[in-house]
2 protein chains.
Amino acid sequence: MARSGRRPGQTETREQILDAARRLFAAQGFHGATVRAIAAEAGVNSALLHHFYGTKQQLFVAAMNLPFDPAEVLPEVLAGPPDEAGARLVRMILRLWADPDGRAPFLALLRSATASEQASTMMREFLASAVLAKVAEARGVSRLRASAAAAQMMGIALLRYVLEVPPLATATEEEIVDIVAPVIQHYLTGASPRP
Amino acid sequence: MARSGRRPGQTETREQILDAARRLFAAQGFHGATVRAIAAEAGVNSALLHHFYGTKQQLFVAAMNLPFDPAEVLPEVLAGPPDEAGARLVRMILRLWADPDGRAPFLALLRSATASEQASTMMREFLASAVLAKVAEARGVSRLRASAAAAQMMGIALLRYVLEVPPLATATEEEIVDIVAPVIQHYLTGASPRP
């Protein structure tokens with residue numbers, strides 16, 4: 001029987017684009033890899049890539065299997081009542097990491113970034129533009145304060161979910177929120193945590 | 001000419017002990033690997049191992065090439081004027097990591113801990129007993145607070161020296177002390193950082 005003449009399906013084209021994106025982001029960093037070059041590498045035109053994945057930022061989120069786009073979610077979380085911004089952010093990150101499917105892509109990024117200079121460049125550029133710049137802008141604080149808050153949360157995730165060091169690994173979500181949210185609140189607003 | 005009949009030199013014996021320690025700590029964790037088993041693995045008696053390396057904790061520090069024993073240094077740093085404990089700790093850690101030879105062993109531990117369950121167990125047990133317990137005891141705070149402080153400093157080290165994310169990577173030591181020391185002080189004493 002003759003094979004049907006149809007072209008490679010959408011699913012296949014999408015996978016080709018994601019593969020090409022992973023290769024080029026890894027080789028050239030988040031800034032260095034252009035959408036045009038990724039489209040060329042995947043053998044599609046840029047318009048089709050935009051149609052499937054939107055912006056370069058959104059393409060990166062899809063290629064790395066991130067469970068959401070930090071650049072979309074962070075401003076939402078930070079836009080609510082300012083008094084509870086720290087607690088909302090800590091809860092969101094703890095819930096995300098508590099789910100093995102949620103933390104797997106971040107862990108994969110972290111693992112490759114600690115092992116390879118290229119992966120480190122990619123993660124650095126993405127963190128700076130998709131996370132730190134957004135937090136600093138949403139809260140009107142310096143990027144250094146936003147970075148200190150990010151460092152606090154990455155350290156908590158590392159100790160709780162990667163190294164699994166007690167008591168951080170065994171504490172409840174609310175016990176951690178009680179201790180850490182005032183510090184995140186302090187970084188993002190300048191408020192003093194209660195002693 | 002006949003070879004001299006002397007036994008393997010001290011240097012060689014010391015290296016054998018460190019190799020055996022690295023193998024057993026990696027395979028059985030910090031708690032699981034006993035000094036007796038490490039001595040047996042190295043083909044020496046426990047008394048000689050103690051003579052060369054002291055306690056199991058000191059043997060671990062030597063085997064991992066750590067630049068100092070956290071269990072000795074942390075209580076000293078934390079024992080000075082309480083008002084400046086946070087600043088002293090932040091400065092000590094930034095200076096340690098600023099030196100490539102100082103950070104290399106910690107980076108090696110972190111890299112293997114994010115890649116292997118066994119290395120993660122080893123690092124977890126060492127962190128819990130050599131770092132968190134000592135900080136909590138020296139400052140009379142809960143281990144959860146000590147852990148949150150450790151998470152803050154590990155996150156700073158990760159962003160500044162591994163991922164090299166600006167502005168944390170480009171800030172001066174004192175700019176970081178200004179922002180982070182009040183938070184470490186808060187965790188270790190309950191004091192409120194100034195806004």
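Since we're looking at a predicted model, the values are computed, not measured. Quick note on labels: first sequence line is chain A, next is B, and so on, each numbered from 1.
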Next item on the list: Go through A:Leu107, A:Thr114, A:Leu110 and name the one with the most non-hydrogen pairs under 4.5 angstrom from chain B.
Entry: A:Thr114
Next item on the list: Measure B:Leu132 against the heavy atoms of chain A and call it side chain, backbone, both or neither at under 4.5 Å.
Entry: side chain
Notebook entry, point to check: If we only count heavy atoms from C-beta on, is the B:Tyr187 to A:Val180 side-chain gap below 4.5 Å?
Noted result: yes
Notebook entry, point to check: chain B heavy atoms under 4.5 Å from A:Leu159: which part of the residue, side chain, backbone, both or neither?
Noted result: side chain
Notebook entry, point to check: Who among B:Met154, B:Glu125, B:Met153 has the most heavy-atom pairs with chain A under 4.5 Å?
Noted result: B:Met154
Next item on the list: Measure from the side-chain N and O atoms of A:Arg124 to the backbone N and O of B:Leu163, and report whether any donor-acceptor pair falls under 3.5 Å.
Entry: yes
Check: When heavy-atom pairs shorter than 4.5 Å are enumerated against chain B, which of A:Val162, A:Thr121, A:Ile176 gives the highest number?
Finding: A:Val162
Margin query: Could you measure the distance from the OG atom of A:Ser120 to the CG atom of B:Leu158? Nearest 0.5 Å is fine.
Written below: 9.0 Å
Next item on the list: Nearest 0.5 Å please: distance from the CZ atom of A:Arg111 over to the CZ atom of B:Arg111.
Entry: 13.5 Å
Notebook entry, point to check: When heavy-atom pairs shorter than 4.5 Å are enumerated against chain B, which of A:Arg160, A:Glu117, A:Glu164, A:Arg143 gives the highest number?
Noted result: A:Glu164
Check: Given that the side chain runs from C-beta out, which part of A:Glu175 has a heavy atom under 4.5 Å from chain B: side chain, backbone, both or neither?
Finding: both
Notebook entry, point to check: Using non-hydrogen atoms and a limit below 4.5 Å, what part of residues 48-84 of chain A faces chain B?
Noted result: none
Next item on the list: Identify which part of A:Ala171 has an atom lying under 4.5 Å from any heavy atom of chain B, answering side chain, backbone, both or neither.
Entry: side chain
Check: In terms of heavy-atom pairs under 4.5 Å with chain A, which of B:Thr189, B:Leu127, B:Leu168, B:Leu144 leads?
Finding: B:Leu144
Check: Which bit of B:Ile156 comes within less than 4.5 Å of chain A, counting heavy atoms only: side chain, backbone, both or neither?
Finding: both
